[in-house]
There are 2 protein chains.
Amino acid sequence: MSTFPKDTYIERRNRLKQKVGTGILLFLGNEESSSNFKDNWYPFRQDSSFLYFFGLDMPGLAAIIDIDQDLEIIFGDNLTTVEVIWQGAHPPLSELAEAVGIKITKPRNELPEFLGKNSKLQIHFLPPYRSENTQKLAEWLAIPNAEISSRASVDFIKAVVALRSIKTEEEIKEINKAVNISVSMHKKAMKEAKPGMKEYQLLGLVNGEALALGGHLSFPPIITINGQILHNHNYSNTLIPGKMLLGDFGAESAMRYAGDITRTFPVGPEFSSSQKEIYRIVLSAYQAAVAALKPGIRFKEVHLLACRKLAEGLKELGLMKGNLDDAVESGAHALFFQCGLGHMMGLDVHDMEDLGEEYVGYTDELKKSKAFGLRSLRLGKELEKGYVITIEPGIYFIPQLIDQWQADNLHSEYINYEKVAEYRDFGGIRVEDAYLITDSGSQILGDPLEIEIEDVERIRKQ
Amino acid sequence: MSTFPKDTYIERRNRLKQKVGTGILLFLGNEESSSNFKDNWYPFRQDSSFLYFFGLDMPGLAAIIDIDQDLEIIFGDNLTTVEVIWQGAHPPLSELAEAVGIKITKPRNELPEFLGKNSKLQIHFLPPYRSENTQKLAEWLAIPNAEISSRASVDFIKAVVALRSIKTEEEIKEINKAVNISVSMHKKAMKEAKPGMKEYQLLGLVNGEALALGGHLSFPPIITINGQILHNHNYSNTLIPGKMLLGDFGAESAMRYAGDITRTFPVGPEFSSSQKEIYRIVLSAYQAAVAALKPGIRFKEVHLLACRKLAEGLKELGLMKGNLDDAVESGAHALFFQCGLGHMMGLDVHDMEDLGEEYVGYTDELKKSKAFGLRSLRLGKELEKGYVITIEPGIYFIPQLIDQWQADNLHSEYINYEKVAEYRDFGGIRVEDAYLITDSGSQILGDPLEIEIEDVERIRKQ
């Protein structure tokens, strides 16, 4: 387990205390997670906010910060003698806690009592996303299960979001490591994919590459010849020449910062000419979006700019028509680009998604739109220096959606359905990288990974 | 998703109904499992008993069998139009259910109501091992959370154990597939391991191999130069010549049957002479155990036979002494072999561990021993034709345990602590394969994998 220097965590907690002001902050770490029986565990993943403020990447921990008493305690148990025999020796919790600046540790069974004693104070907690933590909160704080989410502390959430949104230099280094593992995974896929292979063979290659570089998957990989299926976790298809492979996957660094990259490449050595045409449109949207990144611009604006670029290209190909300002304003482009341009990235691949999009991606002034397309945009608010975000435009031909819109005669003033029919089986194209917002613009994270058509084809021809 | 023929499931359910006799059987499938935020999921793993009786390997399902009304219903939801756009089209639940012989499907939100209407009948359920399923049972059946485990139906458990314990031919075929993927993983490790590599690089290779063959890990792999740490999920060490690598890992087949194999090989091209000596003892215990396998013999006897073999070899090396019958009877050998000789294997790697060892591995007559060593033996009862079990003896030098026993002067009439001190840093050796109990003996599962010293060294020298 590697951690940042002690002072990093002390400073993070101090800033958090200042921001929230008063009360007790309760942090629940994660437990081991059972797959098909209790002791058959998924790979352990610590809660990201727990990691951010306490750094300890192991199960069974919780912590409190009593702001008013200036008291910080980690609750957890040392290994028993029997556990040491079975699992090997580990440093005692007090020593691990000391390394992240925490002087007091207590057995985990003392936490409910501690909370009971302080039940008259305001106990702030973050919204849980695992059933066992919901359960603990319900029991310890005597709140009905169903009310737990709505009783999460907005002050606590906002303070955590404010801190975690701005990445420090040491965090950027970690994110770079994660992105670089992700780059290696993509290079592997781009080099090794061959007609006749199964998608799951590529999954094996890229997952193996992540682990071999000391990483973990940061989310369930998408590795598919059906790139138009946006949430596709099926890996059973055969790679067929003429098709493209869309790979959207990445790794976490050892310290659990995430990488997230997408590339689309031909199964054969070259893109077809119509694939090239669509690819160029996606790439131009990507480039326009990247060029627009800077502190102060709303990400929603960047998203719409990319949509406009996509619409322009689609109009040139005859797939869209009419006034493009009006088309994008009305959401007609969302037939081809149904999702958001990007999201924050940090200790989570969709950073802080557990804390709520309304706090992470929007503000009291800027609420998320309910329109198709925009409602899938996780991030809309103004960018700030230190944000790390992804840029991931795409064009997807989803037969079910095309049929539905056409049947409803939706946006027919902007969409040439006759031409769209020619692309019905095209699939989908997406490219994605992560960017750091700098003083005056942005900076790509990680080592270079081929994205231009000629560069991708060069690798495919090797 | 592949399933057995419809009749397989119909017959399993019919036999189950006969065995339990009366009441409503409630089956909870598993949900998606969140790692660091709600929608960032671990790979989905269906509940094994749900798979056994209903075959459907997807989240969000439950089922009931009303034995008295001869009614079978699967509860679950079809994809919404929006989900189809995002996830692609899937066959409707009714069609999937039909393929496993179920004629009635209902939306999942109708299950609580169904249970409420039948609350005066006996509702049998299996002990849950995931918090969200405990939660559902508590809510739907109005049972306090803490009482759920103890209120699980013993009749239901015993009937499921009776059925799942005896593997049919079609199951054996699946287990063979799982074992063969596991064999490929081990061959990969044995061929590719090189001094200077990190354990996690091997983890990447073997995990990648499993996925590339269409498998999933059946449990968290052990890949370590510290084989004496029995539950070791650390992969951070460097492979050092002179050390051995212990690999205990395996894969599930596409239909979720498990494989589980262990091999121990030298990091360099050859075992040292003392490594060979210990390896031979472990192998002789393995062979003696395998030779003893047949219907009717208690697995506890086979375990003790293996212990006796280990003790004989350890006595020859001067590590043990005195009367070996008495030594094994007293548990002195457990200084070197702390765990059980094996376990059932099927849809779970420790088959049916969620249902309780007292039902899976023991009987009303034969209870599990509480003695150190025997208390880790998951399976003690008489073997039957059709059982699939693992045989996995080992010798482990655990410094903490040696120190503890020596300080307590434990079993000093059987243990030569002075000699043991020479092996303090030896590590551990284990070998493991899975066997099917046949009419008159047993049969190894899967393709051959090198286990003799000369064969292992031949691969290491390539």
Using only atom types and a distance under 3.5 Å, with no angle test, would you say the side chain of Tyr235(B) pairs donor to acceptor with the backbone of Gly214(A)?
no
If one checks every heavy atom of His350(B) against chain A at 4.5 Å, the contacting part turns out to be both
Pick whichever of Gln400(B), Lys38(B), Glu132(B), Gln135(B) has the most heavy-atom pairs under 4.5 Å with chain A.
Gln135(B)
Over all heavy atoms of both residues, which pair between Arg45(B) and Asn36(A) is shortest? Give the atoms and the distance, please.
NH2-ND2, 3.2 Å
Residue part contacting chain B, namely of Thr81(A), when any heavy atom lies under 4.5 Å
side chain
Rounded to the nearest 0.5 Å, what separates atom CH2 in Trp405(A) from atom CD1 in Ile85(B)?
9.0 Å
Toward chain A, the part of Thr134(B) with a non-hydrogen atom under 4.5 Å
neither
In Å and rounded to the nearest 0.5 Å, what is the CD to CG distance from Gln87(B) to Asn234(A)?
11.5 Å
Return yes if some donor-acceptor pair links the side-chain N/O of Asn207(A) with the main-chain N/O of Ala212(B) below 3.5 Å, else return no.
no
Measuring heavy-atom distances to chain A, does Ser34(B) have an atom under 4.5 Å in its side chain, in its backbone, in both, or in neither?
both
Side chain / backbone / both / neither for Ser218(A) at chain B, heavy atoms under 4.5 Å:
backbone
Going from OH on Tyr129(B) to CG on Asp39(A), what distance comes out if it is rounded to the nearest 0.5 angstrom?
12.5 Å
Determine the minimum heavy-atom distance between Arg130(A) and Tyr42(B), stating which atoms define it.
NH2-OH, 3.3 Å
Please flag which part of Ile398(A) lies under 4.5 Å from any non-hydrogen atom of chain B: side chain, backbone, both or neither.
side chain
Using modelled atom types only, decide if a donor and an acceptor are shared between the side chain of Tyr200(A) and the backbone of Gly215(B) within a distance under 3.5 Å.
no
Nearest heavy-atom approach of Trp86(A) to Phe372(B) is CZ3-CE1, 4.0 Å
Winner by heavy-atom pair count (cut-off under 4.5 Å) against chain B, out of Asp47(A), Leu355(A), Asp354(A), Asn30(A):
Asp354(A)
Atom group of Asp348(B) that falls short of 4.5 Å from chain A, counting heavy atoms:
both
How far does CG of Asn145(B) sit from CG of Asn145(A), to the nearest 0.5 angstrom?
7.0 Å
Name the member of Ser49(A), Ser33(A), Ser48(A) that forms the most heavy-atom pairs with chain B at distances under 4.5 Å.
Ser33(A)
Nearest heavy-atom pair of Phe219(B) and Asn40(A): which atoms, and what distance?
CB-OD1, 3.2 Å
Counting only heavy atoms closer than 4.5 Å, note whether Pro43(A) contacts chain B via side chain, backbone, both or neither.
both
Euclidean distance, His233(A) NE2 relative to Phe44(B) CZ, rounded to 0.5 Å:
14.0 Å
Checking heavy atoms, do the side chain of Ala89(A), its backbone, both or neither come under 4.5 Å from chain B?
both
Select one option (side chain, backbone, both, neither) describing which atoms of Leu213(B) are under 4.5 Å from chain A's heavy atoms.
backbone
Region of Leu347(A) in contact with chain B, defined by heavy-atom distances below 4.5 Å:
backbone
Side chain, backbone, both or neither: which part of Val349(B) has a heavy atom under 4.5 Å from chain A?
both
Between Gln404(A) and chain B, with a heavy-atom cut-off of 4.5 Å, which part of the residue counts as in contact: side chain, backbone, both or neither?
side chain
Answer with side chain, backbone, both or neither: which region of Asn226(B) has an atom nearer than 4.5 Å to a non-hydrogen atom of chain A?
neither
